[in-house]
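Below: the structure, in structure tokens.
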Amino acid sequence: MTSYEYSAPAAACQTAYAPDTVLVETGRPDRIDGASVNPPIDLSSTFISSGDIESSPFAYARFDTPAWAPFEEALAELEHAGLPGLVFGSGLAAISAAISLVPAGGTLVVPTHSYQGALASAGQLAKRQGFDLVTVDIADTEAVVAALDEAAPKTTATNGPAEANGSAASAGERGHDRAAGMLWIESPTNPMLEVADVPALIAAAKDRGFLAAVDNTFATPLLQTPLDLGADLVVHSVTKYLAGHSDVVLGAALTGNSELRERMHTERSMRGSVAGPFEVWLALRGLRTLAVRLDRAQTNARTIAERLASHPAVVETRYPGLPDDPGHARASAQMNGFGAIIAFTVDTADRATAIAEAVKLWTPATSLGGVESLIERRRRHAEEPQTVPVGLIRLSVGIENVDDLWTDLEAALD
Ligand SMILES: *Cc1c(COP(=O)(O)O)cnc(C)c1O
């Protein structure tokens with residue numbers, strides 16, 4: 001894939017540029033003689049505001065700062081949000097702010113193979129906020145819909161019969177207080193690379209009065225824009241592809257719903273889960289090259305996935321770009337590309353560990369989405385779901401020469 005199609009220009013979009021142009025063009029200072037080409041790093045913690053503090057564009061940097069604005073605008077344009085994004089101190093901070101929208105007595109439905117930090121955070125918040133947590137196989141649409149059906153009547157009963165049958169306005173339109181809860185969608189999932197039927201699940205959630213949230217970290221807005229499919233909100237670990245150089249920890253949340261945005265903004269301010277100006281500046285700098293980085297990384301990933309699939313030591317390879325992958329048809333229908341994460345399984349944990357130790361070019365490290373290729377046996381994390389095979393290795397394929405990458409990996413496999 002050499003270019004990214006510009007899908008359905010949202011009314012909210014400020015320009016008619018394709019996303020790969022938006023990446024480069026957005027978030028620049030006004031074009032006046034002598035102006036910087038890049039936004040400056042604004043380190044102020046406080047801003048001049050006389051009189052009514054509410055009417056000042058910026059007052060105190062825990063609430064809002066010009067240091068975040070260009071990046072928040074850029075993400076809004078890319079995800080077709082219509083409202084500025086909200087940058088957070090980490091992906092998990094953005095996820096926790098999103099989960100704070102689940103009402104007491106409601107239900108949060110999450111994929112069994114969600115990012116393990118999201119699962120852990122959801123488990124803690126379920127107890128504190130008093131909502132139910134239900135895990136589902138997100139690739140099994142019928143099972144997800146059944147879980148939503150089972151969870152829906154409990155809370156809608158208190159809201160009156162009109163909402164119990166899904167005939168009322170969607171949860172997002174009504175605001176979170178009366179939502180039955182939230183469906184959390186990760187697709188492709190981390191680390192199993194399962195592909196959810198994203199449009200069908202968003203529709204099913206909204207029909208039943210649930211908010212629909214999507215962790216779009218693996219796909220990036222270049223490969224899928226869930227808000228266009230009706231999602232209420234999208235979150236990112238900016239740490240990964242968006243920043244792209246493994247030198248920043250950062251998160252973001254996007255929504256087109258002003259009430260939901262206001263609540264997550266309050267959550268960010270009150271918990272103080274804010275981002276530093278320099279991290280945000282680095283993330284915008286990284287974002288400029290997202291299209292070329294991702295293009296190269298996924299071309300590399302496809303080649304490596306094909307070679308792994310025919311290697312005798314490999315039990316299973318999961319990459320949605322492989323024609324016989326269980327997620328291939330869905331990914332082809334709903335994504336503009338297949339990304340650059342591969343999961344493959346070898347027969348034992350020891351063998352997987354030995355492979356991660358034997359590589360010389362691949363970096364044995366957690367995380368993903370940087371220019372350098374990373375390799376990790378996922379079950380070395382105690383918190384990883386027990387349903388992830390012990391011999392599963394996750395690859396984050398970078399932008400190096402693909403033959404160098406394969407030669408190194410093949411030597412480790414042998
Ligand atoms: C890494 C990751 C997160 C967490 O983001 P941090 O920036 O590490 O807090 C959330 N979701 C997915 C899919 C991730 O890969």
Side-chain angles (χ1 to χ4, degrees), residues 71 75 79 85-100 108 110-125 135 138-139 182 184-196 198 213-224 226 231 233-254 264 267-268 271-276 279-280 282-283 286-287 290 294 297 301 318 320 327 335 339-343 365-370 372 374-376 378 381 383-385 388 392 394-398:
F71 188 65
L75 291 184
E79 288 284 8
L86 291 166
V87 69
F88 284 82
S90 69
L92 202 52
I95 289 170
S96 300
I99 294 175
S100 79
L108 175 63
V110 294
T112 309
H113 297 133
S114 309
Y115 173 69
Q116 39 112 336
L119 277 176
S121 178
Q124 289 185 352
L125 291 172
T135 56
I138 202 74
M182 182 182 281
W184 193 261
I185 300 172
E186 221 183 273
S187 181
T189 59
N190 184 0
M192 299 284 274
L193 275 300
E194 298 138 327
V195 181
V198 176
V214 180
D215 183 335
N216 210 23
T217 300
F218 269 36
T220 85
L222 296 184
L223 304 188
Q224 71 189 7
L233 59 110
V234 163
V235 298
H236 280 283
S237 171
V238 174
T239 313
K240 314 294 170 55
Y241 286 103
L242 301 184
H245 296 74
S246 306
D247 53 8
V248 164
V249 174
L250 208 64
L254 287 301
M264 283 190 290
E267 187 69 13
R268 179 177 73 179
R271 303 283 89 76
S273 47
V274 294
E279 283 71 15
V280 178
L282 276 175
L287 191 69
L290 175 63
L294 189 60
R318 286 299 307 262
M335 297 174 76
I341 310 291
I342 300 170
T366 196
S367 197
L368 56 104
E372 64 291 305
L374 304 183
I375 182 167
E376 182 179 39
R378 283 302 293 181
H381 297 276
E383 323 81 66
E384 195 74 356
V388 173
L392 182 136
R394 188 183 71 189
L395 300 178
S396 171
V397 182

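Sequential numbering from 1 along the given sequence is applied to the chain's residues. First listed ligand is number 1; within each ligand, the first listed atom is number 1.
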Examine the side chains of Ser121 and Ser96 and answer whether a donor and an acceptor come within less than 3.5 Å of each other. yes
Ignoring hydrogens and angles, tell me if any N or O in the side chain of Arg394 forms a donor-acceptor pair with the backbone of Ser367 under 3.5 Å. yes
All side chain to side chain contact (heavy atoms under 4.5 Å, CB included) counterparts of Ala283, not counting sequence neighbours: Phe71, Val238, Ala243, Leu250
Gap separating the CH2 atom of Trp184 from the CG atom of Asp215, nearest 0.5 angstrom: 6.0 Å
Just by distance, do the side chain of Glu279 and the backbone of Gly89 share a donor-acceptor pair under 3.5 Å? no
Could you measure the distance from the CD atom of Glu79 to the NE2 atom of His236? Nearest 0.5 Å is fine. 3.5 Å
Starting from the N and O atoms of ligand 1, find every protein N or O within less than 3.5 Å and list the pair with its distance.
unit_1	atom_1	unit_2	atom_2	d
ligand 1	5 (O)	Ser237	OG	2.9
ligand 1	7 (O)	Gly91	N	2.9
ligand 1	7 (O)	Ser237	OG	2.8
ligand 1	7 (O)	Thr239	OG1	2.6
ligand 1	9 (O)	Gly91	N	3.1
ligand 1	9 (O)	Leu92	N	2.8
ligand 1	11 (N)	Asp215	OD2	2.7
ligand 1	15 (O)	Asn190	ND2	3.3
ligand 1	15 (O)	Lys240	NZ	2.8

